[in-house]
Structures are given as structure tokens and as C-alpha cells.
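Chain naming here is simple, since letters A, B, ... match the order of the sequence lines and numbering starts at 1 in each.
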Amino acid sequence: MNSTLLAHLNPEQLAAVTLESEPGLILAGAGSGKTRVLTTRIAWLLSTGRVGPGGIMAVTFTNKAAKEMLTRLSAMLPYNVRGMWIGTFHGLCHRFLRAHWKAAGLPQGFQILDASDTVAAVKRVCKAMNLDEERYPAKQAAHFIAHAKERAERPKDVVPRDEQDRRFIEVYAQYDAQCQREGVVDFAELMLRTYELMRDDPALRAHYQQRFQHVLVDEFQDTNALQYAWLKLFAPPGGQQAVFAVGDDDQSIYAFRGAEVGNMAAFEREYRVRLQVKLEQNYRSCGHILDAANHLISHNERRLGKTLRTDGPQGEPIRVNESPTDFEEAKWVLEEAQSLHRAGTPRAEIALLYRSNAQSRVLESALFNAGIPYRVYGGLRFFERAEIKHALAYLRLLENPNDDTSFLRVVNFPARAIGARTLEQLQDAARSSGRSLWQSVSALSGKPGQVLAKFTALVEELRRATEGQTLRGIVEHVVEGSGLAAHYRSDKDGAERLENLDELITAAESFVTQEGFGRDAVALPVDELGQGPGLTPDAETGEIMSPLAAFLTHASLEAGEHQAIAGADAIQLMTIHAAKGLEFDAVFLTGLEEGLFPNERALSDPDGLEEERRLMYVAITRARQRLHLSFSQTRMLHGQTRYNVKSRFFDELPPDALKWLTPQGGGFGSGFERDYASAWQRGSGLKGIVGAGREGWEPPRPRWGNASAAPAPAPVLPKSGHDSGLRPGQGVFHTKFGEGVVLALEGSGNDARAHVRFGRHGDKWLALSVAKLTPI
DNA sequence: GGCTCTTTCGTTTTT
DNA sequence: CGAAAGAGCC
């Protein structure tokens, strides 16, 4: 390793990188060079001979982070990085299970269910159990199961709290049995199976504990209970291994998915961490932005505590804007963004962030109508598209005909006259004999039996025809032979889907030639010997995983980009969650309103508010040079106009760092009429044409736009939907709850509701037609 | 079996 | 308001 790599580190980074073989907890603030520390440490460990490449395991949460680490490492080191266990939790578990499929009780060709496959599979279980879909929604059951697995609980371990839980436990048990029958595992199962095998097999545990001398974990604040327990099996507290945990409790924003920030404190305690390093030097943001971030997050009580600092300039103050409507807000954002662009900021360096996806619509509409290129993150990913999932289902049936999920997906697509009745019969037969749908086809006689036999014959034929072919050849043949291509060719709206299928064929081709082939997808040998490029034999049987199986795994484990329009200089739109880990020259943070952000659904418990605040912290720290905050007095939500007050987070920011572009109001009710009037006067260049705006706009098909300029829409005026005389921010008296403050108003007439904060009784939604509220 | 109408639901979602 | 899923109709 080039020794200058160490020379460029600051003292804290250096301390972290060169920590000797003992547990370390690194509190890595936003923009403090976390990835650099991780990769440099690995390079340091290797180049100083402290450990060989086979002795390192580095775990991340996203494929992107894992790839980034590998890329940086291979630039630093002459090694072939492939032998190292660097990957996502799920990717590494997958690799482990491929190597130990037999011990794990899995079929060799087991496949992975993605989120929607999982819900579909649970739904089948619920149907089979004849559960009332109203009272026991499959989606909820799927969540229940996932959460149980994240706590390492099998059906027998879950303690039910009510009748619904008892039913869900039964669903869980049946679902597990079904997955086992079909030879499939869901995401959580990858983790849990690995955990259980390590827990129950002392020899295996000893082997891996001896092998991995250094275990590095990225984004430690996002680990759930199972992942932490998993880690303790690979590198137990007090053991010989050195665990290097890197995280930032202030950026923990995934509690709703089971992440437990408490794992950081638990780690420090249980591993008796002697050295806790705080990386507080920030290399990303200007002073004002860091001031705002520090000030805001100091309002959280449960923190490990850290303060970002910079040697850089203060930069521009944070610009704050209040708008009368979400429409006007979008217009303001667009104008500011354009002026930044004119001043030289590339569009791709401008991010529009929001709390919830629904907010993107107004922004999109404004950008689209103005003809400004933009790109929205989120939504369907490549491998989640219906046509791609169809093609993959055929491919999966080639690998494993007992995969009922895939069977059901394509047995009648394209249509081949196999209806619900036939499938019910087939499912009954399968259930009573405990066999797969595929195996049960022969049990059906008459016409149903014939049409089904024709389908299985088709799949058999596809398998025969593709035997020995290249991966590309297989995919190409299946897309044609299954009838998918023909189906979309005859569909007048099928052009885009055909293109995607073509892209799948291309993806299959590049998957084989790519350097990445075999890294995530293919089983690697248990010991370090005999590493080959990709196709390495199975640890126990010596068998080689087929390229097709590897490709299918790749598709499940890495859903691909949302929408990659490479090279296009477009403004970036995404939720704050999606922005974590990214950075931009300029950031616009929109919809900073009570109820939206912090979101009202998070306010029921105090931890919820703290998580919202961390989310705000994440949002602020995405910005390098410029930060813009905005909120609107009114907003269209669920088809109704909502009247909002500005977010409490404004009160938690240092006034000196802010530059208010509008008089400091506070949302609806404060000087609204005046602002309203002036906004109306300002209009948008189309005075007098009321409501012309949203009609002309169609959601652009690909979620990036570059429309030719269309006339900007006129503002949509909020109807004075509250005949009650109430407005947000106003004090009210309620005979039962006492004094309170109106937070928001919704609906009108008989449906009018007010969100009111009462001192002692907390926040309540009150129907104005019923509740007696007196303005005070 | 496939289309159209109706109903329902709406925070965030790394794998 | 708008998407998506389910029910009902041809």
C-alpha cells in the first residue's frame, strides 16, 4: 500500500484505521470520510501483513456501498479483492447458504423471494387457511413474519399479544413450511437460516470464527436484533476477532424496519470497547449548514454525542421560503434551482428532497411544464417490472419447477386458458399430497389436466432447447419460446416492455462477462484455497452453480437501479431516506410542515419525533454549498386541501444561519391574506387563468422529463374550506381537553376536522361538526 | 378468460 | 386526487 494513504488522514481517522486487533466503535459523522476509513483500514491490515485477504469480512447494507468499497480497495491494493468476504448482510448470508445448503436444510438450487414475491406467497397461505382478508391482511401477516424473523423468532418463539397474533403465528408456520416445500427463502430467511446454522453447528462456528480475524460493519446504527446476534456468532465478544463497527446514531432512520440504534451502545458495552473514535471533521458542507445540523440534532436527548466541524468557509446562509400553496412552493423551488443552474451548478448537483413520495408530484409537474430535465428516484426498479418478473419466473422454473410462486405467475401468462377453477383444483391436489403444483399436474384429469400438461410440456421444451446454451442464449430463447415476446408485440402498449425484455437479454450477456460475475451470486469455497474467477465448486459436493442460477440470484438480491438515465444532466428528486449516503452541491428541502415533517404518524411516541429529527439531520447534511428550506401554508393531500403550520424544526435551527426570503410567518393563518394576495398578484405570468394548471399535465412515462416548454400553470387558489373560523396556529378552548393550539385543518363542511395540540391530553383530531372549540 | 367499473387507501423501505 | 386491487359483467 502506498504509505501516503495514511498521510492524508486526520488524527482521528488515523487512529481508527490503525487500531490494533481489538474491538472498535467508530462514530462517523456525516461527511467525515467514513468509507475512506473503512477501506483504508482494510488496505492497512492487508499491506502490513496483519491478516490475509481470506481473514477479512466486511459487511454493508447496500450493494452500492459494497461495490464502492470493492472499487476503492482494488484501486489501493494489488490484490485480487474477490476472495474477501465483502458484501451486504444478505449477500454474504446467501454466499454462506450456497456453501452450506445441505447443512442448512435447503435444496441446492434454492431461490430467493423478493418483497413482492413474499407477500404473494403469504397471501397464498392465508387463502389456503381460509382467513378473513379483512381481519388478517396478507400484507400485515408478511410484516409480522418479517419482524419475527428479525428478532430471530420462529413461530414457536413468538409470544402472541392478541388473537390476530395467534393467527399470524399459524400463518408464519404454514408459510415456512410452504417455502421449504418450494425451495425458496425470503430476505429475512437468508439471515435467520445463517444465524441458526452458526448457532447450532459448533464445528462450523469454530471454522468461521477462526477464519475471520477482522470483521468490519458499516452503518452499524442500522443493524437489527438478528444482525447483531449474527455478528456475535461470527465474532463473539471477548474472542480473538477484532470487530470494527462504524456508524452514526444521528443518522439512524430505519427504526421502522427493525433497526435498533441501541445496538451501538450494546456493542460498546458487550465488547468492552476501549477505543471509541469520533470522526467529527466534516469535509462536505459549509459552516452555516453544519451549524444548522449541529443545532438541530442537539435537541435529541438519546445520543452518543458528537459535533461536526469544518475548516471550510461559512458559505451562503440557508435560504428559507414560505409559500401560500404547494404549487407556489414548487414554482419557487424551480426558479431558485434555475438560477443556481445559470450560475454554474450542474443540474445533477441539485437535489429536491421531501418526506413522502406523494410530494414529488407537484414538483414534477412544475419541472415538466417548464421543460427542465429531472429524474425521480423511487418507484419500480428494473427487476421489479412485471415483464421482467414474468421472464424470470420462466427461468426459475427451468432451475426449479417446484417454485410455486413462479409457477402461478406464468402458468397463464401469456393467456393459455388456464383459469381460477383449474388452478384451485391443482392447488387442492398439491395441498392434499404435500407436493408442488408442478408435481401435481399429473393428478388432474380431463381438460384441466390437459391444459396444464401443455404448460409443463412447454417449460420442459424450453429446458431441453436451452441446455448447454450460453446465459444470453437461454434468456433470449425463453423470452421468445414462452410467448412473452409475441404477447407484447401484439399489445399496442407493449413496446416499452419489449425494450425491457431486450435489456434483460443484454443484462444476461454482460452478467457473464462482467467482473462482478461470481462475486455475490456464486458460492465461494469455505476455505481460501482454490479461488477461481467466479465459478467455484460447492464446498461439500464440488458441484458448480449454473450461470442461470447465479443470474437469478443476482436479480433477486440486487433489484437494480430505479431508473438509470446515464449521462443526463437532470435535477434529482427523491425522498430523504433515498438521499442517505448521497451529497449534492445544492439541496432543496420541501414541505417542512407540521404533520408532514415531522410526520404526524411518527408523533405518537417520543422516539418517533427523535427519528424524524434525525431524518431532518440527514437531509441537511446532504448539502455541500447551498441549502434551501421551504414550506407551504396549504397543501393538496389525499385529494383535499390541508392547512398547515410550519415545521417545529425551524425553531430548532440557529437563526443566524438562516435567511428568510419571506416575512417570518408560520404557515396558514399568519399574514396569509396578505401573502395570498401578493402571490395571486405575482401569479405566474398567466394572470386570470384560474386552475389551468394541473389539467394539461400527464405523468411522463419514464420518470425523467425533458418536455418542451409549456406555459406555466396559474396558481391554484385554496378554497377557504374552513367555515369554522379556525386557522392553524390559533389557540382554542375545548370543554374537556382545555386549551390547545390548532396544528392543521382538513376537509370542509360536515367533514371539517382540526388537528389540535392540547397541553395535557396531547394531539387530537376533532370533527368540527361535533367538537365545541372556542377560539381564544 | 379478459375487460371495465368500483372500491379502497395513502410515511419512510438499503435486502 | 390518483393508483392499484378486487368485483362483476360480457
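When rounded to the nearest whole Å, the span between CG of A/Leu615 and C1' of B/dT12 equals 7 Å. What separates NZ of A/Lys127 from P of C/dG6 is a distance of 7 Å, to the nearest Å. In this structure, A/Asp218 atom CG and B/dT15 atom C1' are separated by 15 Å, rounded to whole Å. Atom CG in A/Asp114 sits about 12 Å away from atom P in B/dT14, given to the nearest Å. Atom pair A/Glu611:CD and B/dT13:P shows a separation of 13 Å (rounding to whole Å applied). Between A/Glu600 atom CD and B/dT12 atom P there is a gap of 13 Å when expressed in whole angstrom units. Counting to the nearest Å, the P atom of B/dG2 and the CG atom of A/Leu423 are 12 Å from each other. Atom P of nucleotide B/dT12 and atom OH of A/Tyr377 are separated by 18 Å, given to the nearest angstrom.
For A/Ser356, counting side-chain heavy atoms from C-beta on, the closest listed nucleotide (B/dT12, C/dC1, B/dT15) is B/dT12. The A/Arg361 side chain lies nearest to C/dA3 when the options are C/dA3, B/dT13, B/dG10. Nearest to the side-chain atoms of A/Asn357 among the listed nucleotides B/dT13, B/dG2, B/dT11 stands B/dT13. In this structure, the nucleotide among B/dT13, B/dG2, B/dT15 sitting nearest to the side chain of A/Ala578 is B/dT13. For A/Phe187, counting side-chain heavy atoms from C-beta on, the closest listed nucleotide (B/dT11, B/dT15, B/dT13) is B/dT15.
Counting any heavy atom pair closer than 4.0 Å across all strands shown, A/Asp222 reaches a base atom. Among the heavy atoms of the strands, none lies under 4.0 Å from A/Lys139. Using a 4.0 Å heavy-atom cutoff across all strands shown, A/Phe597 reaches no nucleic acid atom at all. No contact: A/Ile576 has no heavy atom under 4.0 Å from any strand.
Within the cation-pi definition used here (under 6.0 Å to the ring centroid, within 45° of the axis), A/Arg98 qualifies as a partner of A/Phe110.
A residue-by-residue look at A/Arg601 and A/Ala415 shows that A/Ala415 has its nearest nucleotide of DNA chain B further toward the 5' end. Between A/Lys64 and A/Ala602, the one whose closest nucleotide on DNA chain B sits nearer the 5' end is A/Ala602.
A/Phe267 and A/Tyr228 have perpendicular rings, their planes meeting at more than 60° on a 0 to 90° scale where under 30° would count as parallel.
Side chain to side chain, A/Asp186 and A/Thr118 fail the donor-acceptor criterion of an N or O pair below 3.5 Å.
Remark: ring of A/Phe256 stacked against base of B/dT12; centroid gap under 5.5 Å, plane tilt under 30°.
For the pair A/Thr575 and B/dT13, the criterion of a side-chain N or O lying under 4.0 Å from OP1 or OP2 is met. Between A/Lys149 and B/dT15 there is no side-chain N or O to OP1 or OP2 distance below 4.0 Å. The phosphate of B/dG2 has OP1 or OP2 within less than 4.0 Å of a side-chain N or O from A/Asn412.
Between A/His577 and A/Phe256, the ring centre distance stays below 6.0 Å. If you look at A/Phe597 and A/Phe631, their ring centroids are not closer than 6.0 Å.
Using atom C1' as the reference point in both B/dT12 and C/dA5, the two lie 23 Å apart (nearest Å). To the nearest whole angstrom, the two C1' atoms, one in B/dT14 and one in C/dA3, are 25 Å apart.
Remark: the backbone N or O of A/Arg642 is not paired with any side-chain donor or acceptor of A/Arg635 at under 3.5 angstrom.
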